[in-house]
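All remarks here apply to the structure that follows.
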Amino acid sequence: MERTLIADLKNNIGKEVRIRGRVDTVRDQGKIAFMIVRDRTGYVQCVAWIGNSEEILNKVKSTTLESIVDITGTVKEAKQVAAGYELEILGINVDSVSASPLPIVIEEEHSDNVSALDMRLDYRWIDLRSKKNNLMMSVATSMTAGLRDFCLRNDFKEIQAPRIISAASESGANVFEVKYFDRKAYLAQSPQFHKQMAMAADLERVFNVGPVFRAEKSFTTRHLTEYTSFDVEMAYIDSYKEVCHFEQEMIKSMLKDVKEKYGEDIKNVFGVEVIVPDGDFPYLTMKEAKEKLASKGVPSKEEGDFSPEEERAICEITKEETGCEFLFVIDYPYKNRAFYHMRNNENKDLALGYDLFWKGVEITTGAQREHRYEILKENAKERGLSEESLKDYLEYFKYGCPPHGGFAIGTERLLMKLLELNSVLETTYLPNTPNRLGKLINKN
RNA sequence: GGAGUGGUAGCUCAAUUGGUUAGAGCAUCUCACUGUCACUGAGAAGGUUGCGGGUUCGAGUCCCGUCCAUUCCGCCA
């Protein structure tokens with residue numbers, strides 16, 4: 001018999017079906033027993049009693065929680081059950097027995113017995129079984145699909161920039177070195193140089209979704225050594241504001257998709273209202289933002305950048321003033337930005353770039369890039385970067401390259417903010433951090 | 001890399017100023033129960049208090065070292 005998904009049982013009342021799934025709960029009542037089974041589509045109560053088959057009843061009673069079962073039975077109306085129907089078991093086979101007790105508690109609504117995060121990550125495959133995490137993975141999928149769809153609808157091409165590269169793409173200090181046959185190579189910190197190569201290759205509009213690697217010993221709730229970067233680059237722009245606008249529309253479109261599909265579930269499970277903003281996200285220059293922060297008495301550590309405290313505060317202020325959860329901050333000092341950002345022609349000390357903040361956290365850095373070969377070389381030189389180390393990159397601009405700009409979003413951070421979770425460790429399938437590689441390291 | 005907090009049963013947490021047999025809830029196991037639905041009731045088992053050293057008549061508790069976790073900062077997406 002073919003498997004019927006649990007969500008389809010309601011359309012099979014009176015029929016004999018086969019379900020496959022995991023044992024969620026067993027309630028042993030002596031001569032009658034209930035087994036709640038779940039699959040990816042939902043939960044169903046299965047019932048066995050002594051009058052039918054003592055053998056089946058005993059099997060139901062003795063099956064450990066979280067075992068994998070294969071059950072045939074009749075779907076029967078049952079007014080006592082919330083769902084209105086249940087499955088009367090005719091046959092049960094245990095495909096895989098789960099040891100018990102489990103090393104962690106699977107998070108559920110009615111229990112505040114939630115295992116510590118690092119324990120949950122050690123047993124991530126069990127942790128992910130929770131209703132909450134299952135929904136999170138669905139939302140993550142929908143979120144990335146929403147961003148991707150928007151790019152595709154706008155005539156973008158998808159590229160896969162190499163993850164193993166011969167020279168560091170950003171500063172060079174925080175790269176992972178790997179052995180590449182008899183020479184050194186590096187894990188890409190960003191697809192930045194290669195998506196710019198696509199501009200010189202006349203692909204005009206590209207996006208790249210994939211892992212990037214940062215050898216930074218950051219111990220925060222928003223940093224990973226490996227994370228997924230959703231990168232976008234677009235040519236023939238007149239201003240970085242076009243990049244901002246594109247990103248804004250992309251995020252709005254994604255939020256709309258996610259809300260349509262999972263808005264209700266997100267509200268029920270995470271207690272978060274997904275808000276699709278109307279109109280444009282507000283802009284503040286760095287100077288304006290600093291003035292607002294000063295007027296609220298928020299201490300400023302550095303002139304051209306925010307501390308995390310300032311990020312949280314400026315988002316709150318913006319939310320109060322405009323009602324918008326998002327904020328573009330522009331006019332950063334060029335010295336605080338990457339060398340490839342274009343400088344403002346009217347004020348060489350400013351970069352033509354932006355950061356996008358959402359609910360108190362930076363989710364994006366974007367900019368118009370410097371596409372003029374000679375100026376780019378000068379800017380690199382001014383930073384003390386050797387022309388030799390950037391040779392391959394600089395060549396992309398030597399044979400003609402259109403004006404362009406782009407941005408990158410850390411998807412783990414985006415999901416963290418979307419579901420208002422506390423840490424990117426929670427929103428990553430299997431997070432790598434300085435002290436955690438795969439399951440665990442450095443532990444006794 | 002810096003600062004703070006923590007590590008006690010499978011999990012989540014208690015344990016008074018340093019005091020005698022380290023407790024509870026959940027999970028597990030046994031028994032009872034033919035309609036449970038966070039099942040219920042009775043019982044059982046479960047501990048080198050992260051590790052190493054020290055102070056003390058006595059250490060889960062105080063001190064030193066160490067490992068791990070976590071939060072914040074720095075760095076960033």
Side-chain angles (χ1 to χ4, degrees), chain A residues 24-36 43-52 57 61-62 64-66 78-83 86 88 98-123 126-127 170-171 173-174 189-192 211-231 301-302 305-309 311-312 336-338 355-358 361-366 407-417 422-425 433-436 440-444:
Chain A
D24 193 82
T25 309
V26 174
R27 295 192 195 104
D28 175 3
Q29 297 262 279
K31 295 193 173 67
I32 184 170
F34 303 95
M35 177 184 270
I36 314 296
Y43 295 73
V44 68
Q45 171 166 293
C46 306
V47 62
W49 59 82
I50 200 156
N52 273 9
L57 178 67
K61 288 187 190 181
S62 63
T64 55
L65 301 185
E66 299 296 303
K79 283 178 187 149
Q80 313 95 307
V81 191
E86 65 188 2
E88 194 178 304
S98 170
S100 70
L102 298 175
I104 60 165
V105 174
I106 299 174
E107 193 173 350
E108 54 185 336
E109 293 161 68
H110 301 293
S111 171
D112 49 8
N113 191 6
V114 180
S115 298
L117 182 59
D118 87 300
M119 190 89 67
R120 287 166 49 202
L121 295 174
D122 285 351
Y123 295 94
I126 297 172
D127 181 49
E170 307 261 337
S171 68
N174 51 3
Q189 300 152 293
S190 148
Q192 184 59 36
V212 294
F213 306 88
R214 305 264 167 113
E216 294 161 353
K217 291 204 169 180
S218 299
F219 298 95
T220 75
T221 51
R222 59 190 189 285
H223 287 88
L224 296 159
T225 52
E226 175 176 1
Y227 70 92
T228 306
S229 183
F230 197 109
D231 266 82
K301 271 189 188 164
E302 197 189 336
D305 208 353
F306 294 134
S307 67
E309 186 190 358
E311 292 182 1
R312 290 188 287 269
N336 290 356
R337 311 296 268 185
D355 276 5
L356 176 59
F357 295 88
W358 188 22
V361 164
E362 177 190 336
I363 55 167
T364 281
T365 294
F407 60 90
I409 304 177
T411 61
E412 292 84 356
R413 276 193 193 176
L414 198 64
L415 186 60
M416 170 173 79
K417 288 289 122 184
N422 293 323
S423 171
V424 289
L425 298 181
T433 65
N435 284 346
R436 176 180 290 280
L440 68 165
I441 56 170
N442 288 346
K443 285 198 188 182
N444 297 333

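Residue numbers start from 1 in every chain, and the chains themselves are labelled A, B, ... in the order their sequence lines are given, proteins ahead of strands.
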Shortest non-hydrogen pair, A:S115 vs A:V105, comes out as OG-N, 2.9 Å
Please work out if A:K417 contacts a base, only the sugar-phosphate, or nothing of the nucleic acid, heavy-atom cut-off 4.0 Å. nothing
Using the C1' atoms only, state how far B:rA27 lies from B:rC68, rounded to an integer number of Å.
-> 25 Å
A:I126 CD1 to B:rA27 P, in whole Å, measures 17 Å
Problem set entry | Distance, P atom - from B:rU61 to B:rA14, rounded to whole angstrom | 16 Å
Between CZ of A:F357 and P of B:rC76 the distance, given in whole Å, is 12 Å
### Query
Centres of the A:F230 and A:F407 rings: under 6.0 Å?
no
| Backbone N or O of A:Y227 within a donor-acceptor pair of the A:R214 side chain at under 3.5 Å? | no
Between A:E302 and A:Q45, the residue closer to the 5' end of RNA chain B by nearest nucleotide is A:Q45
Comparing A:G30 with A:L65, nearest RNA chain B nucleotide closer to 5' gives the residue A:L65
- Message: OP1 or OP2 of B:rU70 versus the side-chain N and O atoms of A:R120: is any pair under 4.0 Å?
- Response: no
Whole-Å distance, A:D24 CG to B:rU36 P, equals 19 Å
So CD1 of A:I106 and CD1 of A:I126: to nearest 0.5 Å the spacing works out to 6.5 Å
Considering every strand and a 4.0 Å limit on heavy-atom distances, what is the contact class for A:E311: base, sugar-phosphate, or nothing? base
TODO: Answer yes or no: does a side-chain N or O of A:T221 lie under 4.0 Å from OP1 or OP2 of B:rC72?
DONE: yes
Sequence neighbours excluded, the answer for ring pair (Phe, Tyr, Trp, His ring centres under 6.0 Å) partners of A:W49 is none
TODO: Please work out if A:A33 contacts a base, only the sugar-phosphate, or nothing of the nucleic acid, heavy-atom cut-off 4.0 Å.
DONE: nothing
Dot-bracket for RNA chain B, 5' to 3', Watson-Crick and G-U pairs with both distances under 3.5 Å, [ ] for crossing pairs, | for partner on another strand, reads (((((((..((((.....[...)))).(((((.......))))).....(((((..]....))))))))))))....
* Asked: Is it true that A:R337 and A:D355 have a side-chain N and a carboxylate O under 4.0 angstrom from each other?
  -> yes
The nucleotide from B:rG35, B:rA69, B:rC11 with an atom nearest the side chain of A:N113 is B:rC11
To the nearest angstrom, the CZ-P distance between A:F219 and B:rC72 comes to 13 Å
| request: Between B:rG47 and B:rA9, how far apart are the C1' atoms? Round to whole Å, please. | output: 6 Å
Discussion item. Donor-acceptor check, side chain of A:R413 to backbone of A:E362, threshold 3.5 angstrom: yes or no?
Written reply: yes
Rounded to whole Å, CG of A:D122 lies from P of B:rU70 at a distance of 9 Å
Item to complete: Output yes if the stacking criterion (under 5.5 Å between centres, under 30° between planes) is met for A:Y227 over the base of B:rA77, else no.
Response: yes
Of the listed B:rU34, B:rG35, B:rC75, the closest approach to the A:F34 side chain comes from B:rG35
Problem set entry | Integer angstrom distance from the C1' of B:rU66 to that of B:rA24 | 32 Å
A:R312 has its side chain closest, among B:rU34, B:rC73, B:rC76, to B:rC73
| query | What nucleic acid atoms does A:S307 come within less than 4.0 Å of, heavy atoms only: base, sugar-phosphate, or nothing? | reply | sugar-phosphate
Rounded to whole Å, CD of A:E108 lies from P of B:rA38 at a distance of 10 Å
Among the nucleotides B:rU36, B:rG74, B:rA69, whichever has the atom closest to the side chain of A:V81 is B:rU36
From CG of A:L102 across to C1' of B:rC26 the rounded distance in Å is 12 Å
Regarding the side chain of A:Q80, the nearest nucleotide among B:rG35, B:rC76, B:rC73 is B:rG35
Side-chain atoms of A:R214 come closest, of B:rA77, B:rC73, B:rU34, to B:rA77
Looking only at atom C1', what distance separates B:rU36 and B:rC72, rounded to whole Å? 48 Å
Inset, instruction - Would you kindly say whether A:E412 and A:T228 are connected by a side-chain donor-acceptor distance under 3.5 Å? - result: yes
Among B:rU12, B:rC76, B:rC33, the one nearest any side-chain atom of A:Q29 is B:rC33
Item to complete: Give A:D28 one of three labels, base, sugar-phosphate or nothing, depending on what nucleic acid heavy atoms sit under 4.0 Å from its own.
Response: base
With the side chain defined as heavy atoms from C-beta on, A:S218 is closest, among B:rC29, B:rC75, B:rC73, to B:rC75
Distance check, P atoms only: B:rA42 and B:rU5, in whole angstrom units.
43 Å
Report task. Can you tell me, in whole Å, how much space there is between the C1' of B:rG46 and that of B:rU8? Result -> 14 Å
Worksheet item: Is the side chain of A:S190 donor-acceptor paired with the backbone N or O of A:Q192 at a distance under 3.5 Å, no angle test?
Response: yes
Q | Distance, P atom - from B:rU12 to B:rG50, rounded to whole angstrom | A | 14 Å
Winner on side-chain proximity to A:S100, out of B:rU28, B:rU36, B:rU70, is B:rU28
* Please assess A:D127 against A:I104 for the test side chain to side chain contact (heavy atoms under 4.5 Å, CB included), listing each intermediate value before the final yes or no. => CA-CA 8 Å; A:D127 181 49; A:I104 60 165; 3.8 Å; yes
- Task: Go through the N and O atoms of the side chain of A:E86 and the base of B:rG35, and report whether any donor-acceptor pair is under 3.5 Å.
- Result: yes
Atom CG of A:N435 and atom P of B:rU71 are separated, to the nearest Å, by 12 Å
Side-chain atoms of A:H223 come closest, of B:rA77, B:rA69, B:rU70, to B:rA77
